[in-house]
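Here is the naming used below: chain letters follow the sequence lines, and residue numbers restart at 1 for every chain. Predicted model, so just to flag it, every value in this text is computed and none were measured. When reading the values below, keep in mind they use all heavy atoms of this one structure, side chains included, and skip hydrogens, waters and symmetry mates.
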There are 2 protein chains.
Amino acid sequence: MSEQHDNLAFLIADTNRLIRQFFQQRLRCGPLTLAQARALFYVSRFEGVKQVELADALEIQPMTMARLLDQLSDQQLIERVQDPNDRRAYQIFLTAAAAPHLEEIERVSALMREQMRNTLGAEQVNHFMTTLMRLRDGLLDD
Amino acid sequence: MSEQHDNLAFLIADTNRLIRQFFQQRLRCGPLTLAQARALFYVSRFEGVKQVELADALEIQPMTMARLLDQLSDQQLIERVQDPNDRRAYQIFLTAAAAPHLEEIERVSALMREQMRNTLGAEQVNHFMTTLMRLRDGLLDD
DNA sequence: CCTATTTAATAAGCTAAGGTTATTATATGC
DNA sequence: GCATATAATAACCTTAGCTTATTAAATAGG
């Protein structure tokens with residue numbers, strides 16, 4: 001009875017829901033939502049940059065970023081430090097407590113890749129990811 | 001600066017957001033959310049079945065289905081008819097007003113496929129969709 | 001046949017992940 | 001030195017789900 005076999009929108013929405021569940025079920029080390037995990041991951045890659053730059057990198061609104069950082073800050077995983085060159089801005093840094101969470105994110109990402117390899121076969125994984133990225137980028141400019 | 005190049009979860013979440021925007025921007029004929037559109041589409045394919053069966057087909061909870069049908073019913077796109085064999089249940093039918101909405105959904109779906117063909121090339125589209133479906137189904141049984 | 005369990009729908013309220021608009025304070029360009 | 005732009009964020013909205021509990025009806029077992 002599995003239908004709608006040609007609608008990308010429905011299929012992606014579905015997959016999104018399932019992947020979120022996959023992640024949240026496997027993330028030990030306290031409750032991080034997928035969005036929070038993603039934000040934390042980016043902070044680790046771009047440590048010290050301003051919120052607005054992080055928002056830009058994640059392609060979300062500055063307000064959305066501010067809220068995610070609030071949540072991470074509540075859990076003492078990041079710190080806002082006054083930007084010495086701009087008193088309006090903060091630089092975002094990881095705290096020591098972030099390390100195990102980042103490892104956990106890495107672990108679950110690896111699980112996800114393993115799941116993909118099992119389902120699709122190793123050679124198809126990279127190809128699929130590349131294709132998906134192209135698709136996303138194609139949608140980015142309306 | 002586009003990073004996280006190997007995290008499916010983040011990539012899917014992103015793509016999901018962009019596709020939802022794509023859909024909502026292009027759906028004329030009144031405001032239907034993607035979830036409502038999807039529900040309406042399924043009703044059209046399985047007209048007359050009970051809510052619980054629809055929920056099952058969409059792989060969402062019966063409560064989630066009930067609310068979607070409320071919304072569609074508010075817009076007079078579907079009707080609940082007492083199931084003659086089960087007084088607890090309703091059979092769901094389209095109204096006449098649904099037809100243009102379904103055409104609109106079809107039109108935007110076609111636009112989406114066209115966008116995919118432009119981005120990926122025609123031969124890759126089917127392959128991609130098949131792969132994505134396999135991935136989803138792989139996630140379905142935890 | 002009648003009680004126990006299951007099932008269909010849904011009310012109430014929660015969560016996750018965003019978005020918009022408006023405000024405040026600070027930078028910066030002309 | 002003023003007008004404009006920018007960084008963060010408060011307040012509130014939207015989309016898309018979920019869980020738990022309730023009511024009414026169906027069905028299974030003794």
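The minimum heavy-atom distance linking A/D14 with B/R136 is given by the pair OD2-CD, 3.3 Å.
At least one side-chain nitrogen or oxygen of A/T33 sits closer than 4.0 Å to the OP1 or OP2 atom of C/dA17. A sub-4.0 Å separation between OP1 or OP2 of C/dT10 and a side-chain N or O of B/R88 is absent. One finds a side-chain N or O of A/Q51 lying less than 4.0 angstrom from the OP1 or OP2 phosphate oxygen of D/dT9. Between A/T64 and the phosphate of C/dG19, there is a side-chain N or O to OP1/OP2 separation shorter than 4.0 Å. Using a 4.0 Å cut-off, no side-chain N or O of B/R17 falls inside it from OP1 or OP2 of D/dT14. When the side-chain nitrogen and oxygen atoms of A/R87 are compared with OP1 and OP2 of C/dT24, none of them lie within a distance under 4.0 Å.
B/R38 places its CZ atom 11 Å from the P atom of D/dA16, with the value rounded to the nearest Å. Summarising the geometry, the separation between CD on B/Q61 and C1' on C/dC14 is reported as 14 Å, rounded to the nearest angstrom. Note: CD (B/E59) to P (D/dG17) measures 12 Å, nearest angstrom. Atom CG in B/D56 sits about 12 Å away from atom P in C/dA9, given to the nearest Å. What separates CG of A/L34 from P of C/dT15 is a distance of 18 Å, to the nearest Å. Rounded to whole Å, the distance from CD on B/Q82 to C1' on C/dA9 is 11 Å. Rounded to whole Å, atom C1' of D/dT15 lies 14 Å from atom CG of B/L27. Across the protein-nucleic acid pair, B/L32 atom CG and D/dT15 atom P stand 11 Å apart, rounded to whole Å.
Here the nucleotide nearest the side chain of B/M63, chosen from C/dA17, C/dA9, C/dT10, is C/dT10.
Both A/Q36 and B/V52 lie close to DNA chain C; mapped to their nearest nucleotides by heavy-atom distance, the more 5′-ward contact belongs to B/V52. The residue among A/L68 and B/Q91 whose nearest nucleotide of DNA chain C lies closer to the 5′ end is B/Q91. Where A/D70 and A/A89 each meet DNA chain D at their nearest nucleotide, the meeting point lying more 5' is that of A/A89.
Taking the charged nitrogens against the carboxylate oxygens, B/R80 and B/D70 do have a contact shorter than 4.0 Å, which makes a salt bridge. Look at A/E106 and A/R113 and you find a salt bridge, because one of the NZ, NE, NH1 or NH2 atoms lies within 4.0 Å of a carboxylate O, short of that distance. Under the 4.0 Å criterion applied to side-chain N and carboxylate O atoms, B/E104 and B/R107 are assigned as salt-bridge partners.
Judged by distance alone, the side chains of B/Q36 and B/H101 never bring a donor and an acceptor atom under 3.5 Å apart.
Among the protein residues, A/R20 comes within range of the sugar-phosphate backbone only, with heavy atoms under 4.0 Å from sugar or phosphate atoms but none that close to a base.
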